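Because the structure is a prediction, the values reported are computed rather than measured.
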Amino acid sequence: MYPNSSSLESLCQNCLLLPSSSLSRILASKEKGTVEPQKKQDGGSTMETAKLATRDGICIPMAHRSSIPPLVSALKTCADQNAASFHFPGHNRGRAAPSSLVQLIGLKPFIHDLPELPELDNLFSPEGPILEAQKKAAELFGSSETWFLVGGTTCGIQAAILATCSPGEYLILPRNSHISAISAMVLSGVIPKYIIPEYDCHWDITGGVTLSQIEKAIQELHMEGQKVAAVFITSPTYHGICSNLADISKLCHSHEIPVIVDEAHGAHFGFHPTLPSSALQQGADLAVQSTHKVLCSLTQSSMLHMSGNIVDRERICRCLQILQSSSPSYLLLASLDAARAQLSEKTDSIFNNALDLAIETKNLIGNIPGISILGAPGFSNFPVIDPLRLTFGFWQLGLSGFEADETLYRDQGVISELVGTQSITFAINLGTCRDHIQRLASGVKNISEASLSFQKIKGKGDHCGSAPFTDIDMCLNPRESFFARKRKVAIGESLGKICGELICPYPPGIPVMIPGETITKRALDYLLLVKNKGATISGASDPLLSSIVICDI
């Protein structure tokens, strides 16, 4: 806990929280406005009282615990050595670091960018600080075992599917799953049994999956004599919509089917009474979390959590060894340990301020004419939505999400998390401050007033299409189509052909076309629509979509 935490929080409730390891370095730099730490000895251990540092106008509350996170401690010890280094990486602890990058981030990242030294443990057979750090994470998140990932949640999803699915078996999953699930099917040879998620045409947003959809898919495969290897669920979705994992897990376990959850956007779940329960709390067997999203580890670092005894842990270990780099970044690994420690310090209250700011944001923007707020009424089958994920619709103003997003960035410097055809999604996190909330609200208000004054509403708020992947005809499974011979044709000639490339607007990375599926007019029209509205098309060999790759069979 922070000493004098109430006074610190009142001074800095709108300020960025940084891990104490980072803050100590900021303090050591003796920059203007820094208050030097006061130390006292207590039983041989050093405890630093609460401090207040400022940098670039950001107020930083700080406190040290008597024990530094194990992997952070090991990395610090190794970096502090007066070593004659004859090992990789080539910058040699910063001695040969590129000057342009040093000017940007300083030398300390290079000094701590170390390889697999004996003191730093081995990610693939941990016995020291990595093992201790993963055990502490497992205890905090309620798993039987946790693995640190340096390849993002993509790597964890691929490992989870590879560890549970074999060639020719079936994987039940929603059609709006992330592209990492598709690549996992290519790697594993498992065959998809798609579920079409609920779709709201006004928002142009898909929801989760229901218990009845899972039950129907299992029954259909059993009647066909096919083996269901696993069920894969995305919960929450990018927009924060949650499926009922408790009932789904209970159903699947009655059939001895493991449940894998892409919980990339839900690493914070279960750590506050108003937040949804986590996937593990609802009975999932494997959950993959992007610890770098709402929590505070470095980008590309994630965790894979396991619970129960349905999944073979040794197979997970083998899959991770195949998929992860043999030269993992210890900066990424240490950031996972630090993020875990940060969450552990104030488990019951760390999200209080973020949740309060989320409510304030909804209240400020909810009263602005022409603005819609995504909520449970739009998805009656999914009443639980992450309160830290706010999605606002602009179609009543005659604007696409792309147009509104461009205006917010140009006029207020507001950068959103996700832009859609009809809406914009904003992520509230531990670093969100009230000034940014007010800039967002002011920007949205200005957009509303300008749109109303020019009478842009009339005739422009009635968009209601359909999901682009509701009429799936899969001719080849993902692995077959990956290895099939291909050729490129003009997009006008592609209708009815078998798609040979994975095409999706990004973000969020949800495929509109998957290799092996018949190319439909609905999918083509949707891709051209979102492209014309400003979306970036990922995966297409021709980003202009004048041509497309097909399977030549």
Side-chain angles (χ1 to χ4, degrees), residues 138-139 141-147 153 156-175 177-178 181 184-185 188 190-198 207-237 241-264 266-267 269-270 276-289 303-320 381-384:
E139 181 180 359
F141 288 95
S143 67
S144 58
E145 188 159 357
T146 290
W147 291 267
T153 293
I157 288 173
Q158 291 171 340
I161 292 176
L162 275 171
T164 54
C165 302
S166 298
E169 296 178 342
Y170 278 78
L171 174 67
I172 297 173
L173 75 166
R175 177 54 181 76
S177 296
H178 189 264
M185 289 190 286
S188 66
V190 71
I191 302 171
K193 171 71 172 178
Y194 289 124
I195 291 173
I196 306 302
E198 185 174 319
V209 298
T210 64
L211 176 67
S212 60
Q213 287 178 310
I214 299 292
E215 187 172 26
K216 180 182 177 183
I218 292 174
Q219 289 176 349
E220 288 177 350
L221 288 172
H222 282 175
M223 290 177 63
E224 296 170 5
Q226 303 294 347
K227 176 177 172 54
V228 181
V231 168
F232 179 88
I233 307 290
T234 302
S235 183
T237 67
I241 300 169
C242 302
S243 297
N244 186 343
L245 297 177
D247 287 348
I248 291 173
S249 297
K250 185 177 180 180
L251 169 68
C252 292
H253 291 164
S254 70
H255 294 278
E256 298 184 350
I257 300 171
V259 177
I260 305 168
V261 179
D262 174 356
E263 202 174 21
F269 281 10
S277 298
S278 70
L280 293 183
Q281 289 171 335
Q282 296 185 71
D285 301 283
L286 294 172
V288 195
Q289 298 176 339
M303 296 187 191
L304 169 60
H305 305 290
M306 183 179 76
S307 184
N309 54 12
I310 296 181
V311 180
D312 181 356
R313 71 165 299 277
E314 295 298 331
R315 188 168 170 180
I316 292 178
C317 292
R318 291 193 296 271
C319 292
L320 287 174
N381 288 324
F382 310 100
V384 179

For Arg318, check side chain to side chain donor-acceptor pair (under 3.5 Å) against everything at least two apart and list the hits. none
Minimal heavy-atom distance between Phe269 and Ser277, with the atoms involved, is CD2-O, 3.7 Å
Smallest heavy-atom separation, Ala159 atom then Leu320 atom, equals CB-CD2, 3.5 Å
CD1 of Ile195 to CZ of Arg175: how many Å apart, nearest 0.5 Å? 13.0 Å
Sorted by chain and number, sequence neighbours left out, side chain to side chain donor-acceptor pair (under 3.5 Å) with Gln219 holds for none
I'd like to check Tyr194 versus Ser177 (side-chain heavy atoms, cut-off strictly below 4.5 Å). Are they in contact? no
Between CG on residue Leu280 and OG1 on residue Thr146, distance to nearest 0.5 Å: 7.5 Å
By side-chain contact (heavy atoms from CB on, under 4.5 Å), which residues pair with Ala163, not counting sequence neighbours? Arg315, Ile316, Cys319
Enumerate the residue pairs fulfilling salt bridge (charged side-chain N to carboxylate O under 4.0 Å, His left out) with a member in residues 303-313, sequence neighbours excluded, ordered by first and then second residue. Glu145-Arg313
Treating Gln213 as the side-chain partner and Pro197 as the backbone partner, does any N or O pair qualify as donor plus acceptor under 3.5 Å? no
Atom CD1 of Ile218 and atom CE of Met223: how far apart are they, to the nearest 0.5 Å? 14.0 Å
Nearest 0.5 angstrom please: Glu198 CD to Asn381 CG, how far? 5.0 Å
In chain order, what residues pass the side chain to side chain donor-acceptor pair (under 3.5 Å) check against Ser307, with sequence neighbours excluded? none
In chain order, what residues pass the ring-ring contact (aromatic ring centres under 6.0 Å, His included) check against Phe141, with sequence neighbours excluded? Phe271, His305
Is a side-chain N or O of Glu263 found less than 3.5 angstrom from the main chain of Ala279, in a donor-acceptor match? yes
Shortest non-hydrogen separation from Pro174 to Phe232 and the atoms involved: CD-O, 3.0 Å
Using side chain to side chain donor-acceptor pair (under 3.5 Å) as the criterion, list what pairs up with Ser212, not counting sequence neighbours. Thr210
So does Gln281 get a backbone contact from the side chain of Ser278, meaning a donor-acceptor N/O pair under 3.5 Å? yes
Taking the side chain as everything from C-beta on, heavy atoms only, tell me whether Leu171 gets closer than 4.5 Å to Pro192. no
Once you round to the nearest 0.5 Å, how far does CD of Glu215 lie from CD1 of Ile172? 11.0 Å
Any pair counted as side-chain hydrogen bond (donor to acceptor under 3.5 Å, both in side chains), so long as it reaches residues 222-232, sequence neighbours left out: none
When you compare the side chain of Leu304 with that of Val288, does any pair of heavy atoms fall below 4.5 Å? yes
Shortest non-hydrogen separation from Ile233 to Val231 and the atoms involved: CD1-CG1, 3.8 Å
For residues 241-260, which side-chain N or O atoms pair as donor and acceptor with protein atoms under 3.5 Å away, sequence neighbours left out?
| from | atom 1 | to | atom 2 | distance (Å) |
| --- | --- | --- | --- | --- |
| Ser243 | OG | Val209 | N | 3.1 |
| Ser243 | OG | Val209 | O | 3.4 |
| Asn244 | OD1 | Ala246 | N | 3.4 |
| Asn244 | OD1 | Asp247 | N | 3.2 |
| Asn244 | ND2 | Asp247 | OD2 | 2.9 |
| Ser249 | OG | Leu245 | O | 2.8 |
| Ser249 | OG | Gln282 | O | 3.3 |
| His253 | ND1 | Ser249 | O | 3.3 |
| His253 | NE2 | Asp285 | OD1 | 3.2 |
| His253 | NE2 | Asp285 | OD2 | 2.8 |
| Ser254 | OG | Leu251 | O | 2.4 |

Least distance between heavy atoms, Gly266 atom then Gln289 atom: O-NE2, 4.0 Å
Go through the structure and list residues passing side-chain contact (heavy atoms from CB on, under 4.5 Å) with Glu139, not counting sequence neighbours. none
Here the pair of heavy atoms bringing Thr164 nearest to Ala160 is OG1-O, 2.9 Å
